Amino acid sequence: MLNKIKLWKSSQKTLTLNDRVEQVQKLPIPNHIAIIMDGNGRWAKKRALPRIAGHHEGMRVVRKITMLANKLNVDTLTLYAFSTENWKRPKHEVDYLMGLPEEFLGNFLPELIDENVKVCMIGNDNRIPDRTKRAVEKAIVETSSNTGLKLNFALNYGGRAEIIEAVKKISNDVKNEKLQLVDIDDECFSKYLMTHHLPDPDLLIRTSGELRISNFMLWQIAYSELWFTDVLWPDFTEMHLLEAVEAYQRRSRRFGGIHSEESKK
Ligand code: V0D
């Protein structure tokens, strides 16, 4: 008996990534996973490195997590890469961050194309430097006909600003008699958001121990499962993503099919 327990324990530990992927694929996979990638600066500080070293390391993790999400047949992976608050950081850090999309795509766009990943972006591009916009735009165009994972970067994104923009567009449509007040409901409102083309997140992950939403997808996460971890984003591995998905699967199984308010509709 003791031997059996030992055997079981060791087999649990030695489950390879692929075994665990196979296990996870037997149960429903969240359609849309959104991640607040926090803790890059803290990761660097712990190593007496400049903050930008943490951001750079975080980019490596983006690639790995993207590939796993694609393998799991996730429909959409949204990554909160830059918030409207991040402009308050020192200029050299903002400049460095704005170089990352170009560097990332310079290295990985061929792989994203190969893997059938479709790059998308949400957020306001008014303050994004031209070379950053051009790099992202090129990736969006070159992956536009891909049918695999939608890799959606939230850049200069803020949830309240998004809602205010939607209200303005709706008011304008009402004024111009394109829309009637009685027709404004959840579904109609969603069509005016930047995420109109995406499903709502089923699972929201935030790394680095903060238990806040920080103005991310305020409308869209109404029914999302939330998963917080102390792990810093540069330390986040494929195993951590699987852990979050497994937690999601346990929760939805416990609710036995009628798990979300959403599905009662
Ligand atoms: C820093 C950790 C990839 C979080 C990841 C401009 C913060 C690394 C991108 C990226 C950032 C964005 C768009 C795109 C392709 C890649 C990125 C920013 C920061 C902010 F089309 N990583 N990454 N963008 N970090």
Side-chain angles (χ1 to χ4, degrees), residues 33-47 49-70 76-115 117-144 146 148-158 194 198 204-210 214-216 229 231-238 240-241:
I33 301 177
I35 309 182
I36 302 175
M37 307 182 289
D38 200 6
N40 303 288
R42 215 172 308 166
W43 180 92
K45 194 173 177 191
K46 268 183 23 189
R47 287 165 177 75
L49 293 168
R51 288 174 60 84
I52 59 173
H55 296 315
H56 196 266
E57 194 62 18
M59 201 169 54
R60 270 189 345 95
V61 178
V62 167
R63 174 176 168 260
K64 278 208 193 162
I65 295 308
T66 299
M67 290 309 158
L68 178 56
N70 195 31
T76 306
L77 176 66
T78 295
L79 300 175
Y80 202 8
F82 195 91
S83 78
T84 47
E85 307 309 305
N86 290 157
W87 297 109
K88 293 178 193 153
R89 293 186 180 174
K91 185 178 182 301
H92 79 274
E93 189 180 339
V94 171
D95 289 348
Y96 182 80
L97 285 166
M98 287 302 152
L100 289 180
E102 210 178 346
E103 184 177 346
F104 179 90
L105 295 166
N107 291 328
F108 304 128
L109 183 56
E111 191 178 351
L112 295 176
I113 293 171
D114 234 41
E115 296 287 332
V117 172
K118 185 182 169 96
V119 176
C120 331
M121 200 201 108
I122 56 167
N124 194 329
D125 71 2
N126 61 354
R127 286 181 75 179
I128 308 273
D130 279 344
R131 64 191 174 94
T132 311
K133 259 192 269 191
R134 272 198 299 273
V136 177
E137 192 53 42
K138 176 173 175 278
I140 292 173
V141 169
E142 290 185 17
T143 62
S144 60
N146 286 357
L149 175 75
K150 292 190 215 74
L151 175 59
N152 180 36
F153 287 99
L155 293 193
N156 192 24
Y157 171 87
M194 291 167 174
L198 303 171
L204 172 67
I205 297 171
R206 181 168 189 158
T207 59
S208 189
E210 293 326 324
S214 303
N215 201 20
F216 183 60
T229 174
V231 173
L232 307 176
W233 179 250
D235 292 327
F236 196 83
T237 63
E238 285 119 322
H240 293 114
L241 180 64

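We count ligands from 1, going down the list as the structure has it; atoms in each ligand are counted the same way. Note that the structure is a prediction, hence the values are computed from the model and not measured.
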Residue and atom name of the nearest protein heavy atom (relative to atom 8 (C) of ligand 1), distance in Å to one decimal: His55 O, 3.4 Å
Among all protein non-hydrogen atoms, which one is nearest to atom 25 (N) of ligand 1, and what is the separation to 0.1 Å?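 The answer is Leu100 CD1, 3.4 Å.
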Is it the case that the side chain of [X] and the backbone of [Y] share a donor-acceptor pair, with hydrogens and angles ignored and the cut-off at 3.5 Å?
X	Y	value
Asn70	Leu149	yes
Trp43	Gly54	no
Asn124	Asn126	yes

Side-chain donor-acceptor distances from residues 136-144 under 3.5 Å, at least two apart:
residue: Thr143; atom: OG1; partner: Val119; partner atom: N; Å: 2.9
residue: Thr143; atom: OG1; partner: Ala139; partner atom: O; Å: 2.7
residue: Ser144; atom: OG; partner: Val141; partner atom: O; Å: 2.9

Measuring from Met67:CE to Leu77:CG, what's the distance to the nearest 0.5 Å? 11.0 Å
So, taking the atom named CD1 in Ile205 and the one named CG in Leu79, what distance separates them when rounded to the nearest 0.5 Å? 10.0 Å
Can you sort out which atoms of ligand 1 are near [X], meaning under 4.0 Å from one of its heavy atoms?
X	value
Trp233	2 (C)
Val62	5 (C)
Gly58	5 (C), 8 (C)
Leu97	1 (C), 6 (C), 20 (C)
Met37	2 (C), 4 (C), 5 (C)
Met59	5 (C), 8 (C), 22 (N)

Have a look at ligand 1 and work out which part of [X], if any, has a heavy atom under 4.0 Å from it: side chain, backbone, both or neither.
X	answer
Asn40	side chain
Leu155	side chain
Leu105	side chain

Among Ala135, Ala81, Gly39, whose heavy atom sits nearest atom 20 (C) of ligand 1?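 Of the listed residues, Ala81 has the closest heavy atom.
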To which of Phe104, Phe153, Tyr80 does the heavy atom nearest atom 10 (C) of ligand 1 belong? Phe153
Test Thr78 against Phe216 for side-chain contact (heavy atoms from CB on, under 4.5 Å), laying out the working first. CA-CA 11 Å; Thr78 295; Phe216 183 60; 3.8 Å; yes
Regarding Arg42 and Glu210, does a basic nitrogen lie under 4.0 Å from an acidic carboxylate oxygen?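 A salt bridge is present here (some side-chain N lies under 4.0 Å from a carboxylate O).
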Show the atom names and distances, to 0.1 Å, of all donor-acceptor pairs under 3.5 Å that link a side chain in residues 92-110 to residues at least two apart or in another chain.
residue: Glu93; atom: OE1; partner: Arg51; partner atom: NE; Å: 2.9
residue: Glu93; atom: OE2; partner: Arg51; partner atom: NE; Å: 3.2
residue: Glu93; atom: OE2; partner: Arg51; partner atom: NH2; Å: 3.2
residue: Glu93; atom: OE2; partner: His55; partner atom: NE2; Å: 2.9
residue: Glu93; atom: OE2; partner: Arg89; partner atom: NH1; Å: 3.2
residue: Asp95; atom: OD2; partner: Lys91; partner atom: NZ; Å: 2.7
residue: Glu102; atom: OE1; partner: Arg131; partner atom: NH1; Å: 2.9
residue: Glu103; atom: OE2; partner: His56; partner atom: NE2; Å: 2.7
residue: Asn107; atom: ND2; partner: Glu103; partner atom: O; Å: 3.3

